[in-house]
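What's counted below: heavy atoms across the whole structure, side chains too, no hydrogens, waters or symmetry copies. Order of appearance sets the numbers: ligands from 1, and atoms from 1 within every ligand.
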Amino acid sequence: MKTYDIAVIAGDGTGPEVTREAIKVLQAASHRFGFKLNFVDYDLGGERYLRTGETLPDSVLTELRRFPAILLGAIGHPQVKPGILEKGILLRIRFELQQYINLRPVRLYDERFCPIKDKRPEDVDFVVVRENNEGLYAGAGGFLFRGTPQEVAVQESINTRFGVERCLRYAFEFARKRHAQNPWRGLKPEDLAAAKRAQLTLCGKTNVLTYAFDLWERAFHEIGQAYPDVKRDYAHVDATTMWFVKNPEWFDVIVTDNMFGDIITDLGAMIQGGMGIAAGGNINPQGTSMFEPIGGSAPKYTGKGVINPLAAICAGQMMLEHLGEAAAAQAIEKAVIQVVREKLKSLAAGQMGYTTAEVGDLVASLV
Ligand code: IPM
Ligand code: MN
């Protein structure tokens with residue numbers, strides 16, 4: 001039987017509670033679809049840091065490289081200064097394992113949970129391809145005269161031709177593949193009539209960031225030549241946030257840099273129903289990828305059994321899709337949609353009408 005070794009970093013806060021439900025659902029799917037998942041736990045996060053001073057030891061990083069995938073719960077602890085765990089664990093894994101794509105689907109499963117009036121599931125259905133290894137996240141820059149009246153802080157955005165191109169190529173391939181699966185997605189009405197093509201929107205700021213996004217824009221059109229079936233579209237990042245609220249149905253696949261991707265995907269999460277449902281994948285197409293609910297550790301809900309595990313379950317679904325278990329992934333998504341539409345009163349913590357474990361049970365029973 002096909003067996004996948006999966007590293008599990010349940011992490012901080014509500015991470016362990018939601019990860020438990022994701023594993024429950026993944027196990028159910030593996031039994032039904034005839035493959036085996038072998039989960040290996042890693043103790044990383046705020047508690048370990050407070051106990052030992054370690055964030056991500058080199059030896060653990062080396063071990064993680066042998067897994068095709070990592071399932072992550074959440075990283076972030078109220079007693080640890082912001083930045084230490086984020087940079088020391090989450091970003092370090094993303095960078096060291098060259099997970100250069102952060103894939104974040106924005107899909108509304110039930111119009112009751114969309115904060116925008118009159119938007120239906122078919123209107124909120126797009127995917128953000130966020131560059132995940134460069135930009136402002138690269139950590140380039142520094143201080144001069146820190147703590148004095150003359151202090152200077154420089155934080156630079158790094159955009160390499162290599163990094164931008166590999167991200168764009170992934171995005172074009174992804175748009176092509178997504179379109180083949182569902183050709184009517186994300187097209188403006190006039191385009192739908194004219195040409196049934198996939199659409200890739202570059203989200204940038206070419207009017208102000210005239211170096212970084214000049215490179216992005218040139219590379220976008222150069223690489224796009226090889227994808228005549230994918231319509232190229234451009235939107236400034238500020239306008240993108242406006243369209244997310246006004247006309248989310250205009251989007252199909254969006255590609256953007258690390259910082260803009262971080263910001264617009266929080267907005268994306270809100271229009272799909274909130275952090276309770278939003279998941280993402282940190283992808284290295286040739287190596288170890290990591291899947292996570294994008295919501296964070298939610299310390300105030302920790303241990304109460306009220307947090308929504310669907311985001312973690314959807315992260316598990318993305319993981320199976322990535323591993324090539326498409327049928328199992330689809331079954332999980334179908335089960336999630338059914339639970340969202342037929343059972344839950346809300347997607348928010350404490351208001352679902354079910355406990356965390358009950359939501360996991362419901363999905364698992366339908367897979
Ligand atoms: C995310 C998070 C992280 C990011 C933080 C926790 C470092 O906000 O995954 O979007 O900024 O990438
Ligand atoms: Mn974020």
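- Residue-to-ligand polar distances keep Glu86 apart from ligand 1: every N/O pair is separated by 3.5 Å or more.
- Between Tyr4 and Phe67, a ring centre-to-centre spacing not shorter than 6.0 Å is recorded.
- By the 4.0 Å heavy-atom criterion, Met259 is excluded from the residues contacting ligand 1.
- Less than 6.0 angstrom separates the ring centroid of Phe244 from the ring centroid of Phe126.
- Side-chain rings of Tyr49 and His77 stay apart, their centers remaining 6.0 Å or farther from each other.
- Glu173 and Tyr227 share a donor-acceptor pair across their side chains, judged by distance under 3.5 Å alone.
- Here the two rings, on Phe220 and Tyr234, have centers that are 6.0 Å apart or farther.
- For the Mn ion (ligand 2), the set of protein N/O/S atoms nearer than 2.8 Å consists of Asp262 OD1, ordered by chain and number.
- At least one heavy atom of Arg94 sits less than 4.0 Å from an atom of ligand 1.
- At a cut-off of 3.5 Å, with distance as the only test, no side-chain donor of Glu131 or Thr256 sits close to an acceptor on the other residue.
- Contact analysis puts Asp262 in contact with ligand 1, with a non-hydrogen atom separation below 4.0 angstrom.
- For the pair Lys231 and Asp252, the salt-bridge criterion is not met [side-chain N within less than 4.0 Å of a carboxylate O].
- Side-chain atoms of Ser297 and Asp12 form no donor-acceptor pair, as typed in the model, at a separation below 3.5 Å.
- Of the protein's heavy atoms, Tyr137 OH, 2.5 Å lies nearest to atom 11 (O) of ligand 1.
- Shortest contact from atom 5 (C) of ligand 1 to any protein heavy atom: Leu90 CD2, 4.3 Å.
- In this structure, the protein non-hydrogen atom closest to atom 1 (C) of ligand 1 is Arg104 NH2, 3.3 Å.
- Centroid-to-centroid, the aromatic rings of Phe213 and Phe260 come within less than 6.0 Å.
- Not a single N or O atom of Asn102, backbone or side chain, sits closer than 3.5 Å to an N or O atom of ligand 1.
- The side-chain tip of Arg166 points at the ring of Tyr100 from less than 6.0 angstrom away and within 45° of straight on.
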